[in-house]
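To start, the structure under review is shown below, and the notes come after it.
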Amino acid sequence: MGSLRLLVAGLAVTAITSGCASTPPEQDPVFLRLNDMDARLAKVERILGNQSLVELAQQLETLQADVRSLRGDLEQLQHSTDTGRAQQRDLYVDLDKRLQAVEGATSGAAAPGSARPATTGATGTDQGYYKTAFDLLKGGEYDKAITAFQQFLAAFPDSGLADNAQYWLGEAYYVNKDFASALKSFRTVVDRWPGSRKLPDALLKVGYCNYELKRWAPAREALLEVTRNHADSPSAKLAAERLDRMDKEGR
């Protein structure tokens, strides 16, 4: 590389001495060309001296560190999201449990004078049965919860908690991906208890179940009913979101 620079310098001297005497060196085209070559050569030498490569390596290392940091942030965000969902579910379950107690205390266990059909082992009050079934659902024991809610409904068909039990029976089926049985249970809530506070939720799940079963028209019908007749309920927002999703999917 040093010999190349000497060659460029020699060419510059030759060009100056052999050029037209009346032309100043700084204006001579040949001199200017050789000067440009010398500048470019100096740049190449700097690159070969690893200065630019070192800077590039440093930038790459910084970017890799940033990627690792972002990956950590993403994992932390995912964990926070999962935790938030679990807390939201626990809060909803706890609220429903407290409401059950109030409803059960005010509505009574069964209609006065009516005979109480019971399955094997069905003893105690409707609230006791309901709590047992609900605790199983809350604990993730969905098959046992299904059996317990079925026993409750058989033993206490006229209980003030019957509509809740029927709804949560549908939820247990839904979590188990038995959408046909879930649909039947939610439909029972809609048809038998039209004044239930669970009605908007049951209608929403009717739409969800039909969606999972690829019954697009009944799914859309149920979801639209939620948005139109229960617009102030939390279920209305979820129904609107599912309808929007169906529109995007061309359902």
Excluding sequence neighbours, so at least two apart, what forms side-chain hydrogen bond (donor to acceptor under 3.5 Å, both in side chains) with Tyr211?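 Here the qualifying residues are Arg245, Glu249.
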Under the rule for side-chain hydrogen bond (donor to acceptor under 3.5 Å, both in side chains), what residues qualify as partners of Ser196, not counting sequence neighbours? Asp163
Going from CG on Asp126 to CG on Leu161, what distance comes out if it is rounded to the nearest 0.5 angstrom?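 Going from the CG atom of Asp126 to the CG atom of Leu161 covers 5.5 Å.
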What's the spacing between Leu183 CG and Asn210 CG if we round to 0.5 Å?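 Answer for the CG-CG pair, Leu183 versus Asn210, is 5.0 Å.
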Quiz: residues 235-242 side-chain donor-acceptor pairs under 3.5 angstrom, not counting sequence neighbours:
{"from": "Ser235", "atom 1": "OG", "to": "Asp201", "atom 2": "OD1", "distance (Å)": "2.5"}

Hey, mind stepping through Asn176 and Ile146 against side chain to side chain contact (heavy atoms under 4.5 Å, CB included) and telling me if it holds? CA-CA 10 Å; Asn176 275 352; Ile146 288 171; 3.7 Å; yes
Could I get the full list of ring-ring contact (aromatic ring centres under 6.0 Å, His included) partners for Tyr208, not counting sequence neighbours? none
Sorted by first residue and then second, give each ring pair (Phe, Tyr, Trp, His ring centres under 6.0 Å) pair with at least one member in residues 232-251; sequence neighbours left out.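 Matches after skipping sequence neighbours: none remain.
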Would you mind listing every ring pair (Phe, Tyr, Trp, His ring centres under 6.0 Å) that reaches into residues 182-204, with sequence neighbours excluded? Tyr167-Phe186
Do any pairs count as a side-chain hydrogen bond (donor to acceptor under 3.5 Å, both in side chains) and have a residue in residues 180-190, sequence neighbours left out, and if so which ones? Gln166-Ser185, Asp178-Ser181
Of the non-hydrogen atoms in [X] and [Y], which two are nearest, and what is the gap between them?
| X | Y | value |
| --- | --- | --- |
| Tyr142 | Ala172 | O-CB, 4.1 Å |
| Leu153 | Ala162 | CD2-O, 3.5 Å |
| Pro194 | Leu199 | O-CD2, 3.0 Å |
| Ala222 | Val206 | CB-CG1, 3.9 Å |

Only pairs at least two apart or in different chains count here, so list each salt bridge (Lys or Arg N to Asp or Glu O under 4.0 Å) that has a residue in residues 210-224. Arg220-Asp247
If you look only at pairs with a residue in residues 143-156, which of them pass as a salt bridge (Lys or Arg N to Asp or Glu O under 4.0 Å), with sequence neighbours excluded? Glu141-Lys144
Using the side chain to side chain contact (heavy atoms under 4.5 Å, CB included) rule, take Gln151 and Thr132 through it: C-alpha gap first, then chi angles, then the decisive distance, then the call. CA-CA 11 Å; Gln151 290 180 343; Thr132 298; over 6 Å; no
Side chain to side chain contact (heavy atoms under 4.5 Å, CB included) filter on Ala148, not counting sequence neighbours, yields Ala133, Leu136
Residues forming a salt bridge (Lys or Arg N to Asp or Glu O under 4.0 Å) with Lys248, sequence neighbours excluded: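 Partners of Lys248 by the salt bridge (Lys or Arg N to Asp or Glu O under 4.0 Å) criterion, ordered by chain and then number, come out as Asp244.
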Considering only distance and modelled atom types, tabulate donor-acceptor pairs under 3.5 Å from the side chains of residues 225-232, sequence neighbours left out.
{"from": "Thr227", "atom 1": "OG1", "to": "Leu224", "atom 2": "O", "distance (Å)": "2.8"}

Let me see the working for Trp168 and Phe149 under ring-ring contact (aromatic ring centres under 6.0 Å, His included), right down to the final yes or no. CA-CA 8 Å; Trp168 290 115; Phe149 278 123; 7.6 Å; no
Looking at side-chain heavy atoms only, is the closest gap between Leu169 and Phe152 below 4.5 Å?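 No - every pair of side-chain heavy atoms lies 4.5 Å or more apart.
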